[in-house]
Number of protein chains: 2
Amino acid sequence: MLDPMATDRITMEDVAARAGVSRALVSIVFRGVPGASETTRERVLAAAAELDYRPDSRASRLGRRRTRTLGVTFAVGASFHGDLLQSLYTHADAAGYELVLSGVTADRPEVPAVETLLAERCEGLILIGCTLPASHLARIGARLPLVSVLRAVRADSVDVVRTDDAAGLRLAVGHLVGLGHQHIALLDGGRAPGATERRRGYRSALRQAGGLRETLLPGGLTELEGAAAALGFTDRQSAGPTAVAAFNDRCALGFIDNVRQHGLRVPADVSVVGFDDISQAAYPHVALTTVRQDADRLAAAAVKAVMARLETLGKPSPPTASVIEPELVVRSSTSPPGRN
Amino acid sequence: MLDPMATDRITMEDVAARAGVSRALVSIVFRGVPGASETTRERVLAAAAELDYRPDSRASRLGRRRTRTLGVTFAVGASFHGDLLQSLYTHADAAGYELVLSGVTADRPEVPAVETLLAERCEGLILIGCTLPASHLARIGARLPLVSVLRAVRADSVDVVRTDDAAGLRLAVGHLVGLGHQHIALLDGGRAPGATERRRGYRSALRQAGGLRETLLPGGLTELEGAAAALGFTDRQSAGPTAVAAFNDRCALGFIDNVRQHGLRVPADVSVVGFDDISQAAYPHVALTTVRQDADRLAAAAVKAVMARLETLGKPSPPTASVIEPELVVRSSTSPPGRN
DNA sequence: TGTGTCTACTAGAGCGCTCTAGTCTTACAA
DNA sequence: TTGTAAGACTAGAGCGCTCTAGTAGACACA
C-alpha cells in the first residue's frame with residue numbers, strides 16, 4: 001500500500017517557497033498576527049490557495065504552548081446533550097477555543113472517552129451528564145479544569161454547571177397546585193443525573209402546598225419508561241393523581257402518548273408537566289407544559305467556568321457551582337383538574 | 001496567567017528516566033510493538049503509572065506516517081445520525097482507527113466542519129447526510145478517501161453508502177397494497193437526503209400496483225412537518241387516502257400524533273408506515289410499522305469503503321456505491337382499510 | 001576462533017508547525 | 001551625521017512523539 005499520508009502533503013515550506021518568503025512568515029500570516037505587510041500577506045495567501053494548503057492542526061497545537069481546545073464528552077443520541085453541544089460550539093468559539101468531541105455510547109464507556117481527550121491535551125474538560133465517581137473526577141480535576149454539566153458532583157476542583165433541578169420541580173408542582181390539583185404524582189428519574197434533586201424539589205413543593213399526598217411512579221429517561229408508567233396509572237385512575245410532573249420531556253411524552261391511547265384525555269383527565277423543553281415540546285401538536293433548562297446559559301456557564309480556572313491556574317480554588325434557574329413554560333398539557 | 005499546559009507536563013522522557021531506559025523503548029512499549037522484554041515492559045508501564053503519564057496523541061500522530069483517524073461529520077441532534085455514530089465507533093475501532101467528530105449545527109455549517117477534519121489530517125472522511133455540492137465533494141475526494149453516507153452523490157472518487165431508499169418505499173407501499181389500500185399518500189421529504197429516491201420508489205410502486213392514485217403531502221424531517229401534514233389530511237378524510245407512507249419515523253410520529261388528536265384512529269382510519277426504525281418506533285406504545293435502515297451495516301460499509309480506498313491509493317478507482325437493502329418491520333400502525 | 005543470527009536496546013533525525021531572538025531596511029529626530 | 005525606533009522578515013531551536021539504522025550482548029554452529 002502506498003502511504004496514504006504522502007499524497008501531495010503540502011507544508012508551510014512549500015507555500016513559503018512559492019511565495020518567496022520564509023516559513024516563519026507563512027506562519028505569521030496564517031496565525032493572523034502582526035508582522036507581515038499587506039502585500040506579502042496577500043501573496044502568501046494566494047500561494048496557499050494555489051496549492052490548496054491548509055495548516056496542520058496537529059503540528060500547530062504541538063508547537064504552540066496552548067492547544068486552545070476544550071474536550072467535551074456527551075451521550076450519543078441524547079437530544080438535550082445535542083442542544084448543549086450546539087451552544088458549546090458557539091461559546092467556545094467566542095472564547096477562541098475549539099471543541100474536541102468524544103461520544104459516549106453503550107460500547108464506549110466514559111473512561112475511554114475521557115482518556116481520548118486527555119491524550120489530545122485539551123486545556124479543559126466539559127463532561128455532560130457524566131456518571132463517573134467523584135474520586136475519579138477529582139483526580140482528573142487536579143490536573144486540568146474540569147466541569148460537570150447537568151450532574152452535581154462534590155469533588156475537589158471540579159466545577160458544576162447545572163439547572164436548579166429542585167427549583168424546577170417546585171415550579172412544576174407550584175403550577176399544578178395553582179391550577180387546583182391536590183394529588184400530583186412524580187414520574188421519577190431514578191438514578192439519572194439530576195433525578196435526586198428533582199425528587200427533593202417535588203417533596204418540598206408538596207410540603208409547602210400544605211402537605212399534599214406524595215406518589216412516586218417509576219420512570220426514566222425515555223418515552224419507553226413514561227409509557228410504562230402510564231400503564232399502571234390508567235388502572236387506578238378513579239382515585240389516582242390528577243396531575244403528573246415528569247422527570248423529563250421524553251418521559252412525559254411517552255406517558256401522554258400511552259395514557260391517551262388508553263382513553264384518558266390530557267389535560268382534561270390528567271395534566272402533565274415535562275422537564276427540559278426539548279424542541280419537540282414546543283411543536284404545536286404537542287404543546288407540552290414544561291420546565292425549561294436553558295441550554296445556552298448552561299453552555300455559556302460551562303465555558304466560563306473552564307476559562308476562570310485557566311486564568312487562575314496554579315492557585316487551586318474551591319469548586320464552584322453555577323446553578324441556572326429553570327423557567328416554567330406553560331403550554332397546553334396542563335389545566336385545572338376534574339373537567340370531566 | 002500561568003501556562004495552562006505547563007502543569008506537570010510529563011513526557012516520554014520522564015517515564016524513560018524513571019524506568020532507566022531510553023525514550024525509544026518507552027515508545028515501543030506504548031505502541032505495543034515487539035522489541036521490549038517482558039520485564040522492561042512492566043517496568044516502563046509501572047513508571048508511567050506512577051507518573052500518571054499518557055502519550056500525547058498530537059505528537060504521536062505527527063511523528064507517525066499514518067494518523068489512523070477517520071473524520072466524521074454529523075448533524076448534532078439528528079437521532080439516526082447518532083445511531084450511525086455509535087456503530088461507526090465500533091467498526092472504526094475494529095479497523096484500528098480512531099474517530100474524530102465534527103458536528104454540524106445551525107451556526108456551524110458543513111464547510112468549516114469538514115475543514116476541521118482536513119486540518120486534523122484524517123486519513124479518510126465519512127460525511128453523514130452531507131448536502132455539499134458534488135463538485136465540492138469531488139475536490140476533497142481527489143485528496144483523500146471520502147464517503148457520503150445517507151446521501152447519493154455522483155462525483156469522482158466519492159463513494160456512497162446508503163439505504164436503497166426507492167426499494168424502501170416499494171416495501172412500504174407494497175405492504176399497504178397487500179393490506180388492501182387503494183389510495184396511499186406519500187408524506188414527502190422535500191430536499192432532504194434520500195427524499196428524491198423515496199419519491200421515485202413510491203411512484204414506481206404505485207405504477208406496479210396497477211396505477212394507483214398518487215398523492216403527495218408536503219412533509220419533512222421532523223414531527224413538526226408530519227403534524228402539519230396531518231392538518232390538511234383530516235379535512236378531506238372522507239374521500240382521502242386510507243394510508244400514508246412517511247418520509248421518516250419522526251415525521252410519521254408527528255403525523256400520527258396529530259391525526260389522533262383530530263379524532264382519527266391509527267390504523268383503523270388511516271394506516272401509517274415510517275422510515276428509519278429509530279428506537280422510539282419499537283416502543284410498545286408506539287409500535288410503528290416502518291422501513292428499517294440498518295445503521296450497523298451502513299456504518300460497516302462506510303468504514304469498509306474508506307479502507308478499500310486507503311489500500312488502493314494512487315490508483316484512482318471509480319466511485320462505488322454500497323446500497324443497503326432496507327427491511328420492512330411490521331408493527332401496529334398498519335391494518336386493512338375501512339375498518340370503520 | 002570466527003561467523004552469523006537473535007533479541008534487547010539506543011541514538012538521532014525527522015514530522016510540520018510555533019515563537020524567540022535576532023537581522024536588515026527605512027524613516028525620522030536630534 | 002549619528003542614533004534609534006519601528007516594521008518586515010528570517011534562522012533555528014523547540015514541541016513530544018516515531019522509526020530507521022545501528023550497537024551490544026547472548027547464543028549457536030562450524
Side-chain angles (χ1 to χ4, degrees), chain A residues 3-44 47-48 51-69 98 118-123, chain B residues 3-44 47-48 51-69 98 118-123:
Chain A
D3 177 354
M5 307 302 296
T7 345
D8 31 49
R9 207 170 218 173
I10 294 149
T11 76
M12 253 181 194
E13 195 73 59
D14 303 310
V15 178
R18 178 151 196 142
V21 295
S22 72
R23 219 180 53 246
L25 221 239
V26 179
S27 171
I28 286 173
V29 170
F30 270 94
R31 277 176 295 144
V33 298
S37 70
E38 196 45 46
T39 57
T40 2
R41 192 173 290 273
E42 276 163 17
R43 198 147 41 90
V44 167
L51 295 172
D52 194 18
Y53 165 79
R54 74 200 88 230
D56 183 326
S57 56
R58 299 166 304 169
S60 150
R61 291 212 278 257
L62 186 57
R64 193 157 15 195
R65 309 201 67 71
R66 315 266 311 253
T67 59
R68 296 227 155 255
T69 55
E98 278 185 23
L118 291 175
E120 210 61 53
R121 298 299 187 264
C122 295
E123 289 187 31
Chain B
D3 178 353
M5 307 302 296
T7 347
D8 32 49
R9 208 170 219 175
I10 293 150
T11 75
M12 255 183 191
E13 195 73 61
D14 303 309
V15 178
R18 177 150 196 142
V21 296
S22 71
R23 218 178 55 246
L25 222 236
V26 179
S27 171
I28 286 173
V29 170
F30 271 94
R31 277 176 295 145
V33 298
S37 69
E38 196 45 45
T39 58
T40 358
R41 191 173 292 272
E42 276 163 17
R43 199 146 40 87
V44 166
L51 295 172
D52 195 16
Y53 165 80
R54 74 199 88 230
D56 183 327
S57 56
R58 299 166 304 169
S60 151
R61 291 212 277 256
L62 186 57
R64 192 159 15 195
R65 308 201 67 70
R66 315 267 312 254
T67 59
R68 296 227 156 257
T69 55
E98 279 186 22
L118 291 174
E120 208 61 54
R121 298 297 188 266
C122 296
E123 289 187 32

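Side chains are part of it too, since the values below use all heavy atoms of this structure and drop only hydrogens, waters and symmetry mates. All chains are named by letter (A, B, ...) in the order of the sequence lines, taking the proteins before the strands, and each is independently numbered beginning at 1.
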Contact under 4.0 Å: [X] side-chain N or O vs [N] OP1/OP2:
X	N	value
S60(B)	dC17(D)	no
R61(A)	dG16(D)	no
S27(B)	dT18(D)	yes
T40(A)	dC9(D)	yes
S37(B)	dC9(C)	yes
R9(B)	dG16(D)	yes

Cationic N near anionic O, under 4.0 Å, R54(B) to D56(B): no
For [X] and [N], give me the distance from atom [atom1] to atom [atom2], rounded to whole Å.
X	N	atom1	atom2	answer
R64(A)	dG16(C)	CZ	P	17 Å
R66(A)	dC19(C)	CZ	P	11 Å
E120(A)	dG16(D)	CD	P	15 Å
E38(A)	dA8(D)	CD	C1'	13 Å
L51(A)	dG16(C)	CG	C1'	15 Å
E13(B)	dT10(C)	CD	C1'	12 Å
I28(A)	dG7(D)	CD1	P	14 Å
R65(B)	dG16(C)	CZ	P	9 Å

Nearest to the side chain of [X], heavy atoms from C-beta on, is which of [options]?
X	options	result
T11(B)	dG16(D), dC9(C), dC19(C)	dG16(D)
M12(B)	dC17(D), dG16(D), dA11(C)	dC17(D)
L25(B)	dT18(D), dC9(C), dG16(D)	dC9(C)
R31(A)	dA11(C), dT18(C), dC17(C)	dT18(C)

Please walk me through it: do E98(A) and R68(A) pass salt bridge (Lys or Arg N to Asp or Glu O under 4.0 Å)? CA-CA 6 Å; E98(A) 278 185 23; R68(A) 296 227 155 255; over 6 Å; no
Earlier contact from the 5' end, DNA chain C, for A24(B) and G63(B): A24(B)
Is it the case that the side chains of S60(A) and R64(A) hold a donor-acceptor pair, with the cut-off being a distance below 3.5 Å and no angle test? yes
Can you confirm whether the side chains of R41(A) and S37(A) place a donor and an acceptor under 3.5 Å from each other? no
Going by heavy atoms in the side chains, are T11(B) and R23(B) under 4.5 Å from each other? no
Touch check for R23(A), heavy atoms < 4.0 angstrom, all strands: base, sugar-phosphate only, or nothing? base
Give one of base, sugar-phosphate or nothing for S57(A), where a contact means two heavy atoms less than 4.0 Å apart. nothing
Candidate pair R61(B) and E120(A), rule salt bridge (Lys or Arg N to Asp or Glu O under 4.0 Å), full reasoning: CA-CA 10 Å; R61(B) 291 212 277 256; E120(A) 210 61 53; 2.9 Å; yes
If you find the nucleotide of DNA chain D closest to L62(B) and the one closest to G20(A), which residue's nucleotide is nearer the 5' end? G20(A)
